[in-house]
Number of protein chains: 2
Amino acid sequence: MNMPRIPHPARSRNQTSAATDNAPVQAGHDSAVQAGDPYGFSEHTRGLLDCAATLCSRQGGRMTAQRRDVLGLILQADAPVGAYDLLEQLRVSDRRPAPPTVYRALDFLLEHGLIHRIERLSAFVPCTHLSHEDEADPSGASASSSARSGHVVSACGHEHGACGVHAAQFLICRACGGVTEIADTPRILDMLRTVCREKAFTMQSASVEVEGLCVTCTGQQEAGTER
Amino acid sequence: MNMPRIPHPARSRNQTSAATDNAPVQAGHDSAVQAGDPYGFSEHTRGLLDCAATLCSRQGGRMTAQRRDVLGLILQADAPVGAYDLLEQLRVSDRRPAPPTVYRALDFLLEHGLIHRIERLSAFVPCTHLSHEDEADPSGASASSSARSGHVVSACGHEHGACGVHAAQFLICRACGGVTEIADTPRILDMLRTVCREKAFTMQSASVEVEGLCVTCTGQQEAGTER
DNA sequence: GGAACAGATGTAATAATATTACATTCTTTT
DNA sequence: AAAAGAATGTAATATTATTACATCTGTTCC
Ligand SMILES: [Zn+2]
Ligand SMILES: [Zn+2]
Ligand SMILES: [Zn+2]
Ligand SMILES: [Zn+2]
């Protein structure tokens with residue numbers, strides 16, 4: 001399931017907890033990762049990060065420590081994260097990196113289909129594709145259908161990689177701030193393709209953003225109103 | 001037809017030409033309009049503005065001079081217009097209004113379904129609905145289907161008014177900057193409704209933005225590449 | 001007419017988001 | 001080791017948007 005990630009606190013900060021003494025995470029792959037994970041990423045998050053490293057090295061990208069940290073923070077969050085939120089969290093010993101640092105990492109992650117930008121929020125969420133990959137093959141050994149073309153098409157109906165169209169669909173809850181990626185059906189994307197074909201428009205990327213109330217918040221709203 | 005509005009100059013400025021000596025435009029309706037049109041709006045634009053005044057007064061809104069000017073500038077432009085573009089153009093005798101002035105007008109126009117915001121561009125375009133209304137009935141005497149409910153549903157498949165869901169779809173050309181509103185089919189919106197129903201999500205507003213190359217620019221691109 | 005009210009606008013300051021340009025460092029290739 | 005390319009650091013600045021409060025304008029009610 002893919003419910004909005006948590007009831008109330010939109011934009012929760014990472015707790016900078018003291019769970020950093022674990023393994024150095026050194027993904028045994030070809031990537032340039034050598035971070036010590038100073039952000040207390042959960043084991044699950046670290047798994048996804050390793051998976052991401054594999055995915056993007058296969059696309060000819062380098063998952064550096066910087067990029068890994070940014071992706072980790074986005075994965076760990078329970079709601080979309082803004083660029084300046086990330087900057088805050090990336091501070092080490094009261095020295096904060098400058099905006100370009102984060103924006104460059106975000107650009108990289110976007111290009112490699114590891115995160116999405118929610119236009120209406122100017123904020124970023126991880127692509128669910130990553131989780132699906134991870135479930136399918138935790139070791140990260142096999143990516144997706146047509147890896148040889150550099151054109152990765154995930155089961156969830158949106159494409160990734162240099163040659164593919166970046167397209168994603170979201171449900172955004174105004175009450176709790178939760179965002180759900182609609183990745184379980186290609187229906188919407190197919191429809192867009194059809195319309196574009198009719199208009200002879202060459203689609204390069206697309207975003208669908210629906211704002212409203214998630215299941216939970218719809219229920220609560222009605223409960224509050226109905227008597 | 002609804003082609004992207006003009007080949008090359010994205011964000012063209014209004015020419016501040018000297019075509020202002022026409023009629024005072026004083027829409028004979030109940031609205032608070034009494035501007036002198038210092039922006040040289042075309043006759044067509046003035047027609048749309050009058051139509052808009054009628055539409056929104058029917059919704060209980062007041063089309064003031066300020067709002068009228070902003071809408072006029074957006075209508076007159078051949079590409080999406082940014083808020084600060086508008087501020088520039090709204091200057092009178094080297095005195096420029098402050099941001100809230102424009103943002104308030106934009107909010108009003110958005111609420112009344114007269115313009116749309118293109119999230120990916122942080123810019124605004126007129127709703128094609130207005131033109132359709134105008135074609136159907138230039139006098140602006142009858143709006144649409146269910147005016148009595150205050151819930152105006154246009155033929156073009158997206159709703160307007162206080163009770164309706166604001167939803168719109170756009171094709172955005174990266175080469176020429178032109179934006180086309182896909183308003184001739186409810187297919188996309190219907191699909192979104194279906195998906196939302198399945199997820200028990202209450203839709204309040206939605207935007208679909210496809211970026212790529214319009215017919216013209218696709219052709220030019222191919223011509224440039226193919227030999 | 002005039003008080004009272006609501007809606008609309010003016011104004012100053014500031015917040016939030018994003019980019020440019022250039023210097024430096026780190027990696028890979030030759 | 002030198003050269004080339006990729007990534008990062010840094011300072012300054014651009015762009016987009018909001019907050020808070022004062023003022024004005026038109027309408028309602030007496
Ligand atoms: Zn995705
Ligand atoms: Zn919710
Ligand atoms: Zn529209
Ligand atoms: Zn074009």
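Residue numbers begin at 1 in each chain, while the letters A, B, ... track the order of the sequences.
The shortest non-hydrogen separation linking V81(A) to I74(A) is CG2-CA, 4.2 Å.
Atom CG in L86(B) sits about 15 Å away from atom P in dT15(D), given to the nearest Å. With rounding to whole Å, L90(B) atom CG is found 16 Å from dT11(C) atom C1'. Atoms CD (Q59(B)) and C1' (dG7(C)) sit 17 Å apart, rounded to a whole Å. Following rounding to the nearest Å, R120(A) (CZ) and dT17(C) (P) show an atom-to-atom distance of 17 Å. Atom CZ in R96(B) sits roughly 13 Å away from atom C1' in dT11(C) (whole-Å rounding). Here dA7(D) presents its P atom at 12 Å from CE of M63(A), a figure rounded to the nearest Å. In this structure, D107(A) places its CG atom 15 Å from C1' of dA6(D), rounding to the nearest Å. When rounded to the nearest whole Å, the span between CG of L87(B) and P of dA14(D) equals 17 Å.
At a cut-off of 3.5 angstrom, the base of dA15(C) holds no donor-acceptor pair with the side chain of Y84(A).
Geometric assessment of R67(A) against the ring of F108(A) yields a positive cation-pi assignment under the 6.0 Å and 45° thresholds.
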Please tabulate the protein-to-nucleotide N/O contacts below 3.5 Å involving nucleotides 8-10 of chain C, giving atom names and distances.
residue, atom, partner, partner atom, Å
dA8(C), OP1, R67(B), NH1, 3.3
dA8(C), O5', R67(B), NH2, 3.4
dT9(C), OP1, T64(B), OG1, 2.7
dG10(C), OP2, Q66(B), NE2, 3.1
dG10(C), N7, R104(B), NH2, 2.6
dG10(C), O6, R104(B), NH1, 3.2

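With centres under 5.5 Å and a plane angle under 30° as the test, the ring of Y103(A) is not stacked against the base of dT19(C).
With respect to S207(B), the side chain to side chain donor-acceptor pair (under 3.5 Å) criterion is satisfied by exactly one of R120(A), E119(A), E209(A): R120(A).
Residues L171(A) and V179(A) form no side-chain contact, since every pair of their non-hydrogen atoms from C-beta on lies 4.5 Å or further apart. Side-chain atoms of Q204(B) and V165(B), non-hydrogen and from C-beta on, never get closer than 4.5 Å to each other. The side-chain heavy atoms of F170(A) and V125(A), taken from C-beta on, include a pair separated by under 4.5 Å.
With dT17(C), dT11(C), dT16(D) as the candidates, the nucleotide lying closest to the side chain of S122(A) is dT17(C).
Residue contacts shown for R117(B) are limited to sugar-phosphate atoms, with no base heavy atom under 4.0 Å away.
Between R117(B) and D107(B) there is no salt bridge, since no side-chain N of the basic residue sits under 4.0 Å from a carboxylate O of the acidic one.
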